[in-house]
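Residue numbering restarts at 1 for every chain, and letters A, B, ... go by the order of the sequence lines.
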Amino acid sequence: MDQAALHTLLLGAWTTAWISAVAVAGGVPLGLALALLREARIPVVGHIIVLYVSLGRATPLVTLVLFIFVGAPLLGIPLDRYTAAIVTLLLNTAAFNAEVWRAAIRSFPHEQVEAARAAGMTRVLIFRRIMLPQIWITSLPGLVNEMTFLIKASPAIGVIGIVDLTRVTNRISAITYEPLPPILVAAALYMVAIGTLVRLQRLLDARAQRLAM
Amino acid sequence: MNKWEILWNHREMILGGFKSTLVLFGVSAIAAFLLSSLIVLAIRTGRAPFGRVVRGVVDGMRMLPFLIYAYLLYYGLPSLGIRFDAWTAGFIALITYHAAYFAEILRGTWATLSTGQAEAARAHGFTTFMMYRRIILPQLVLRAAPVLGNQVIICLKDTAFLSIITVRELTAAASAVQSQYFIPFEAFIVAIGLYWLTSMLIEALVARLGFAAERKGLGYKLAAVRR
Amino acid sequence: MDTSSPPFAVEVRNVSKSFAGIEVLREVCLNVAHGQTVSVLGPSGSGKSTLLRCINWLEEPDSGEILIAGVRIGVRADGKTHMPDRELARMRARIGMVFQSFNLWPHLSVIENVTEAPIHVLGMAEDEAIGRAEKLLEKVGIGEKRDAYPYVLSGGQKQRVGIARALAMNPEVILFDEPTSALDPELVGEVLAAMRALAEEGMTMVVVTHEMAFAREVSDEIVFIDQGCVVERQAPEAFFDRPQTARARQFLSRYT
């Protein structure tokens, strides 16, 4: 594989990286918001969230990205392909993150909340100063795990024309007529990225366990 | 004619795609599970270096995106003289990829079993294979039912990636219908609905396994209470 | 009993075993005649459990031979070829074992635990296996728990299931590896009672235990092991009333 091909490949890697990063940056807080809304037990909203999470976890990313990219303009929302890809990945990852956050919130020791309330803290303050710092740590392993799934599913965005790390291999092999090298390099790059996240996840897991003691 | 009527008139395309998805998913999930059972047995009872190599391959698969693996099989291998048609590549990709995931789940679950029961099985004259089939594997499935169920749903969703390597399954069918007849919402809503229904069914099955596990004291909920 | 049967149910000849450089068994010899109950006593770490586990080849000795009813286990008659899985399994089917941690199979009910090996190892018909299992469970006194799952049983009940499970295979000898050590004191009696009944019926038994009263009343022979060696081998009264070695005396002083 020559210089030009490698350069193209790295551009594809960059595309995957920044789109995934933006989706994660939005999907993690959105997931938290959904989990909190659900725990607040507002009648209709709760059910809608359950439905959203259920659908979000059952829908293949390829189908979803096509649906959003083709369907949004018909609703009057103009969406370029990059925005469509980010929105799709974000909505998808938020559904999974909602469950991760929810588990952390549920398992949070109620005694700490009681102590804070007895000390006169408001609910917002309790959440911000007592709950969030801790559930953040216990959720991290699950959130990082979900990030690995996001990266593994991200090649779906190629189907709406984005030249990501997977689709770029088609591009390169159309010129060089040698499909194997770019595919292998792309695979290696994915493995390095995901492998790093997995190692990170294990470290975070150990940290979360210590907190649980 | 409203859009839903158009969709209804061309329902065989969507249903045909759905059938393909079900065949791909059903066969692959079952084959992957069977393959993974053997992989785990090989890892636990085989010679150490072999076990390490297999574990290395399993770990490697779990760091690969499914689509790039399918690409490797469908677009990459022909350079080495191995040519698969899209369906065969699809099956091989789904089966081997998910076998790695199932194997990791089963292996992790086995590590939590008390070693005494395998000993008791051997002491009673079970061969290693019999012991695995009658004593170990049933427990692995009961204990890991929710995680296995999740993985089966991921297998279902991965079939959609195969549309990118020209397999005509549900997403490809919905895409074809909507672009031909200009009914994007209707076509994709139905497709998404079908995926959703299928995964609900899987979760219902997993719930039943969960009940069986609870009854025997193997559920994760009961684990804390067990004497 | 036919006259051509070998004299001993279990023969242990010069068995040695080390773990991580530590010698756990040193040239141990042991013979158990048919119908005999032998109790193996000794301080913790003396190698008693390892010896027991060598008899059904759950542990592999470094040297020496073990014969079950005159046939070598673990290694074929030529002395060199290791027994393949299937042959070993067939020999183990003739030896029963009861474990300190019970080791019941949690996904099977009580009766299923007892019928599992007869059906899938001996090829017994299901009805026959169930019938026999029910009788055995009655015999050890937990017939009414037949459909329960292990997790609801007390330790003593679990162990009695373990005994029934071993009996269901119609073994020639049963090995007991500290069967009551994991039990609360008030549950020990029911298990010992079941074992006593078996001994009285003439079952060949090798028992590793700390229950001195049981060993004294039920055994035909006491084998005392310390630091991997057989230190004393005597009839029960002789051992408990007139121990011949200082180590035996030291050991017994803790129990009087």
Side-chain angles (χ1 to χ4, degrees), chain B residues 37-38 41-42 44-48 106 109-146 148 206 208-227, chain C residues 52-53 55-59 84-109 112-123 147-155 157-158 161-162 165-171 174-175 177 182 184:
Chain B
S37 320
L38 294 172
L41 184 61
R44 284 289 291 229
T45 63
R47 307 204 175 285
L106 292 177
T109 312
W110 194 342
T112 67
L113 285 186
S114 65
T115 51
Q117 345 168 13
E119 279 205 337
R122 273 189 283 143
H124 280 75
F126 279 91
T127 57
T128 306
F129 186 71
M130 254 293 168
M131 166 192 82
Y132 182 61
R133 196 163 78 80
R134 298 285 312 174
I135 307 292
I136 306 287
L137 195 53
Q139 288 190 65
L140 298 183
V141 172
L142 284 171
R143 282 172 201 260
L148 289 172
V206 169
R208 291 194 70 188
L209 266 177
F211 288 138
E214 289 292 328
R215 220 173 15 102
K216 305 183 186 205
L218 296 174
Y220 61 90
K221 279 180 251 165
L222 221 54
V225 188
R226 206 181 317 149
R227 281 198 248 173
Chain C
L52 207 70
R53 290 157 60 83
I55 294 178
N56 67 351
W57 216 255
L58 285 181
E59 299 288 354
D85 201 23
R86 200 162 291 176
E87 267 180 69
L88 201 49
R90 249 180 279 142
M91 288 215 72
R92 287 188 180 136
R94 296 156 58 198
I95 309 170
M97 192 163 202
V98 177
F99 296 83
Q100 184 176 348
S101 325
F102 332 123
N103 293 346
L104 297 184
W105 300 312
H107 62 304
L108 301 175
S109 66
E112 284 169 346
N113 259 274
V114 179
T115 59
E116 181 73 3
I119 293 176
H120 294 280
V121 175
L122 299 179
D147 295 314
Y149 283 90
Y151 81 103
V152 301
L153 302 178
S154 72
Q157 291 169 326
K158 282 188 210 169
V161 175
R165 180 176 66 169
L167 284 172
M169 295 292 283
N170 222 358
I174 303 189
L175 310 174
D177 189 357
D184 292 334

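Neither the backbone nor the side chain of B:Ser114 has a heavy atom closer than 4.5 Å to any heavy atom of chain C. Within the 4.5 angstrom heavy-atom criterion, only side-chain atoms of B:Leu142, from C-beta onward, approach chain C. For C:Arg165, the parts lying near chain B are the backbone and the side chain together; criterion is any non-hydrogen pair under 4.5 Å. For B:Ala121, the parts lying near chain C are the backbone and the side chain together; criterion is any non-hydrogen pair under 4.5 Å.
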Atom pairs and distances, donor-acceptor, side-chain atoms in residues 97-107 of chain C, under 3.5 Å, two or more places apart:
| from | atom 1 | to | atom 2 | distance (Å) |
| --- | --- | --- | --- | --- |
| C:Asn103 | ND2 | B:Gly116 | O | 3.1 |
| C:Trp105 | NE1 | B:Gln117 | O | 3.0 |
| C:His107 | ND1 | B:Gln139 | NE2 | 3.4 |
| C:His107 | NE2 | B:Arg134 | O | 2.9 |

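Across all non-hydrogen atoms, the minimal contact from B:His124 to C:Ala117 is CB-CB, 4.0 Å. For the pair B:Arg215 and C:Tyr151, the tightest heavy-atom approach, listed with the atom from each and the gap, is O-CE2, 3.5 Å.
Taking NE2 of C:His120 as the reference point, atom CE of B:Met131 lies at 15.0 Å (rounded to 0.5 Å). To the nearest 0.5 Å, atoms CD (C:Glu87) and OG1 (B:Thr127) are separated by 13.0 Å.
Other residues, nucleotides and ligands place no more than 12 heavy atoms under 6.0 Å from the CZ atom of B:Arg133.
Within the 4.5 Å cutoff, the side chain of B:Arg122 has heavy atoms near those of the C:Leu58 side chain.
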